[in-house]
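When a ligand or atom number is given, it counts from 1 through the structure's own listing order. Below, all heavy atoms of this structure are taken into account, side chains as well, without hydrogens, waters or symmetry copies. Remember, it's a predicted structure, so these values are computed and weren't measured experimentally.
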Amino acid sequence: MSKVIKNGTIVTADLTYKADILIEGGKIAEIGPGLSGDEELDATGCFVMPGGIDPHTHLEMPFMGTFSTDDFNTGTRAALAGGTTMVVDFALPDPGQSLTDALKRWHNKSGQAHCDYSFHMAVTWWGEQVFDEMKTVIEDHGINTFKHFMAYKGALMVNDDEMYASFQRLAELGGIAMVHAENGDVVAELSARLLREGNTGPEAHAYSRPSQVEGEATNRAIMIADMAGVPLYVVHTSCEESHEAIRRARMAGKRVWGEPLIQHLTLDESEYFNTDWDHAARRVMSPPFRNKKHQDSLWAGLQSGSLSVVATDHCAFTTEQKRFGVGDFTKIPNGTGGLEDRIPMLWTHGVETGRLTPEEFVAVTSTNIAKILNCYPKKGAILVGSDADILVLDPAKEKTITASTQASAIDYNVFEGQKVKGLPRFVLTRGHVAVTDGDLTTREGHGEFVKRPGNGSVNRALSSWKALTNPRPVERSGIPASGV
Ligand code: DUC
Ligand code: ZN
Ligand code: ZN
Ligand code: ZN
């Protein structure tokens, strides 16, 4: 059965024009005026764009003694409800666990997905086995991105020697390195001191992770990536210091991308000083929310192109889970939701305010992500042959965000009470209409895994320290005899 999206305005990362879209077999079959199909979806007054891709989620993530509550079932429903048609989640090996075993676990969990998905691999420990398995993960499993936690000391953190070894291996295999950039040693010191001095509440979480720890780690990761000759993707860029390092690297021709989150763009550190413990703890995530100076920097980065994509780091814990940290902020599970709200929040605070054009909006929510992660133009595009992952966004439709109507399984929403404009009229996942004006008709298990192979061509030009990979001793004459 074919479908046609009629009377809308197509917006891509580089073009806005009027045309209909014919969909057959889950793919875009034709784009042009006056098309007809078995079923018609009326997009009058709407923008028709590639479905959102969230490059950063943690669904049912084992973390800080619990599991994040949104899983591939509730999480991907929330994604679709908000106009996101693909998520990229992090497969997380336990220390010492094989990467392929971790992947099996993630493939088992994701069977319920309502939209398409892919995985990044996390490098949580280092050894010969990891070195060997990276090749299989990239070449056989279609996962080309590997994240390194520079924070969470004693748990997920890897040290610089491990990171450098891993980066070099990725350079060789055509992979992309990713970093959670915070100096884990300094965070551990600051946290211990704050606790010792009686600062136990959620506000201490923000004090324990100042922007300098993120700026330092981002600079370090960029330099190590440069020495290894690997492209680097910096997740959840939240502050000017980190953005500044990314900007500088990009100006120098390095392949470095920064990923601000919708939470950091729109919520600030005052949330942690709310006198309601639950309110503050629900917003504990790493990095923490920052002040306006940092928010302005992130917006400027999106406007100028020095920051490339907008994600959520969706890692949703219930209030009950957050309360594990009563009396000790270091035990509050780190993470916030956002999957359902990223698109309307960015449209409202980005496009409606004039900070982003609709084309730039499509670039940072979808197309840039598909290109960087190497699944373009299957995803992130309105082109004949692309998957029919499509968001029909009605710029006139408004709502007030509230947990009482969300698809996410948690009991609150960090954007509670925010008025947003720009909501889905339709959301299609590979041709299936999953959302019609707020009504969900998603299908459990509809989602398919998206392979993203390595792309070595970009790596070859990298590294300003080529000599390091091919050192030669200098031939000298007149060497003094020893002992003289
Ligand atoms: N930060 C969070 O807040 N949650 C999940 C992992 C992370 O890095
Ligand atoms: Zn992180
Ligand atoms: Zn994360
Ligand atoms: Zn259908």
Apex the Zn ion (ligand 3) - arms OD1 from Asp313 and NE2 from His56 - angle rounded to 10°: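 With the Zn ion (ligand 3) as the vertex, OD1 (Asp313) and NE2 (His56) sit 80° apart.
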Backbone or side-chain N or O of Ser286 under 3.5 Å from ligand 1 N or O: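 For ligand 1, there is an N or O atom that lies under 3.5 Å from one belonging to Ser286.
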Within-cut-off N or O pair, His58 and ligand 1, under 3.5 Å: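 No, there is no polar N/O contact under 3.5 Å.
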With a cut-off of 4.0 Å, which atoms of ligand 1 are near a heavy atom of [X]?
X      : value
His236 : 8 (O)
Cys315 : 4 (N), 5 (C)
Met285 : 3 (O)
Asp313 : 1 (N), 2 (C), 7 (C)

is_close_aromatic(Phe63, Tyr152), centroid dist under 6.0 Å: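 Ring-ring flag for Phe63/Tyr152: true, centres closer than 6.0 Å.
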Pair [X] + [Y], salt bridge at N-O below 4.0 Å:
X      : Y      : value
Lys322 : Asp278 : no
Lys109 : Asp71  : no
Asp296 : Lys292 : yes

N/O/S atom of His236 inside 2.8 Å of the Zn ion (ligand 3), strictly under: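 Here the distance criterion (N, O or S atom, under 2.8 Å) is not met by His236, so no.
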Residues Ser211 and Glu241: side-chain donor-acceptor under 3.5 angstrom: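 The answer is yes; a qualifying pair exists.
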Thr84, Thr76, Thr312 screened by side chain to side chain donor-acceptor pair (under 3.5 Å) with Asp54, the one that passes: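 That would be Thr312.
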The Zn ion (ligand 2) - name of the N/O/S atom of His180 that sits closest to it: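 The closest N, O or S atom of His180 to the Zn ion (ligand 2) is ND1.
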